2 protein chains.
Amino acid sequence: MSAGVRTIGDLSKVTGTKVETIRYYERIGLLAAPPRTAGNYRAYGDAALGRLSFIRRARDLGFGIDQIRALLSLSEKKKRSCKAVDAIAREHLAEVEGKLADLMALRCELDSIIRQCGCGTIADCRIIEALAPVNTGR
Amino acid sequence: MSAGVRTIGDLSKVTGTKVETIRYYERIGLLAAPPRTAGNYRAYGDAALGRLSFIRRARDLGFGIDQIRALLSLSEKKKRSCKAVDAIAREHLAEVEGKLADLMALRCELDSIIRQCGCGTIADCRIIEALAPVNTGR
DNA sequence: CTTGACCCTGTAGTGACTACAGGGTGCAGT
DNA sequence: ACTGCACCCTGTAGTCACTACAGGGTCAAG
């Protein structure tokens with residue numbers, strides 16, 4: 001393992017990231033621009049692979065790009081306390097919980113609207129009625 | 001009530017929609033272009049108000065623009081069965097439930113990662129470790 | 001007759017990619 | 001040597017549903 005030099009396509013396969021996405025990460029400065037081969041191909045080393053894997057896992061956990069930027073920069077300061085890391089993770093957890101609450105409320109509302117539908121004609125449709133304002137469309 | 005003619009700002013206040021958003025809905029064909037005053041101001045009637053309220057409620061329930069387009073067009077065919085309406089609502093509910101499941105899984109994962117953090121130094125941080133790939137960054 | 005709140009169009013930005021178009025590189029097979 | 005073909009390169013524009021200007025015009029009150 002750890003062959004040392006990989007093309008962008010290799011990185012793409014290994015990390016499950018699209019080639020365009022890797023180039024995008026480079027453009028926004030999340031991944032460093034790697035050295036190039038004679039033919040101008042990107043040649044990635046193991047460090048780049050590790051960094052990209054880190055990014056992908058953080059993305060899969062729903063962290064935003066800026067949060068990942070912060071996490072990456074913290075992960076290099078080995079001696080410092082990980083309180084800042086903890087804070088970012090907790091902040092993200094709070095965001096997730098907020099979205100979760102919103103979505104659950106949404107589901108309830110949708111569910112109750114749908115259950116009222118007797119599937120007659122549209123003129124009597126409770127779904128349309130729930131959306132329409134009080135005095136309109138008659 | 002139902003004064004008959006309103007400016008875009010009135011519509012904005014009554015429906016809680018930003019002025020720019022209303023113009024955006026017109027641009028994408030969700031709202032018809034209203035008649036204009038002598039000074040080239042948009043002059044909305046009650047029907048436009050009703051339509052915009054409908055759109056806002058549907059957006060609040062998380063329906064996408066294309067779904068709303070379909071719902072609006074169905075809502076005008078009073079005599080047809082509301083099965084199609086029901087189908088759109090159920091499809092949306094399924095999407096919401098999918099997102100909900102994803103977010104709940106995410107919350108679990110985040111939660112368990114955060115609980116492992118002993119808040120020592122970054123070198124020992126379980127959160128960073130959970131993100132980093134097996135053999136990297138040493 | 002000026003001030004300030006409102007309105008107009010058109011364009012560009014958001015987040016995190018994704019999808020081309022139009023070209024170059026590298027290697028296997030013939 | 002030549003021909004495919006898969007891969008790589010840059011740069012730009014598109015996605016969704018808005019949002020935010022810039023640079024101007026309109027209108028009613030004081």
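First the proteins, then the strands, lettered A, B, ... as listed; each starts at 1. Please read these numbers as outputs of a predicted model, since none were measured by experiment. The figures here come from the full heavy-atom set of this structure, side chains too, leaving out hydrogens, waters and symmetry mates.
Between C/dA16, D/dC18, D/dC9, one nucleotide has an atom nearer to the side chain of A/I65 than all others, and that is C/dA16. The listed nucleotides are C/dC17, C/dC8, D/dC8; the one nearest the side chain of A/T21 is C/dC17. Of the candidate nucleotides D/dT19, D/dC18, C/dA16, D/dT19 has the atom nearest to the side chain of B/E20.
Spacing between atom CD of B/E26 and atom P of D/dT19 amounts to 17 Å, rounded to whole angstrom units. Whole-Å rounding puts the A/I68 CD1 to C/dA16 C1' distance at 10 Å. In this structure, CG of B/L30 is placed 9 Å from P of D/dC18, rounded to the nearest angstrom. In this structure, A/R23 atom CZ and D/dT10 atom C1' are separated by 8 Å, rounded to whole Å. Between the OH atom of A/Y24 and the C1' atom of D/dT12 there is a distance of 15 Å, given to the nearest Å. With rounding to whole Å, B/R59 atom CZ is found 9 Å from D/dC18 atom C1'. Rounded to a whole Å, the CZ atom of A/R42 is 17 Å from the C1' atom of C/dG26. Counting to the nearest Å, the P atom of D/dC7 and the CD1 atom of A/I22 are 14 Å from each other.
Of the two residues contacting DNA chain C, namely A/Y41 and A/Y25, the nearest-nucleotide position lying further toward the 5' end is that of A/Y25. With DNA chain D read from its 5' end, the first of the two nearest nucleotides for B/A38 and B/G64 is the one closest to B/G64. For B/G39 and A/I8, each mapped to the nucleotide of DNA chain D holding its nearest heavy atom, the one lying further toward the 5' end belongs to A/I8. Each of A/R27 and B/R27 lies near DNA chain C, and the nucleotide nearest B/R27 is the one positioned closer to the 5' end.
No donor-acceptor pair closer than 3.5 Å links the side chain of B/R90 to the backbone N or O of B/A94.
Each of B/V14, B/T17, B/T15 was evaluated against B/S53; a single residue qualifies, B/T15, per the side chain to side chain contact (heavy atoms under 4.5 Å, CB included) test.
Among the atoms of the strands shown, none is found under 4.0 Å from any heavy atom of A/R69. Nucleic acid contact for A/T7: sugar-phosphate only, since backbone atoms but no base atoms lie under 4.0 Å from a heavy atom of the residue.
Contact annotation: A/K18 does not reach the phosphate of C/dA16 (side-chain N/O to OP1 or OP2, under 4.0 Å).
Around the CZ atom of B/R126, the shell of radius 6.0 Å holds no more than 12 heavy atoms that belong to other residues, nucleotides or ligands.
Distance check: B/L103 CG to A/D102 CG gives 10.0 Å after rounding to the nearest 0.5 Å.
Hydrophobic clustering of Ile, Leu, Val, Met, Phe, Trp and Tyr side chains at less than 4.5 Å, counting indirect connections, keeps A/Y41 apart from A/Y24.
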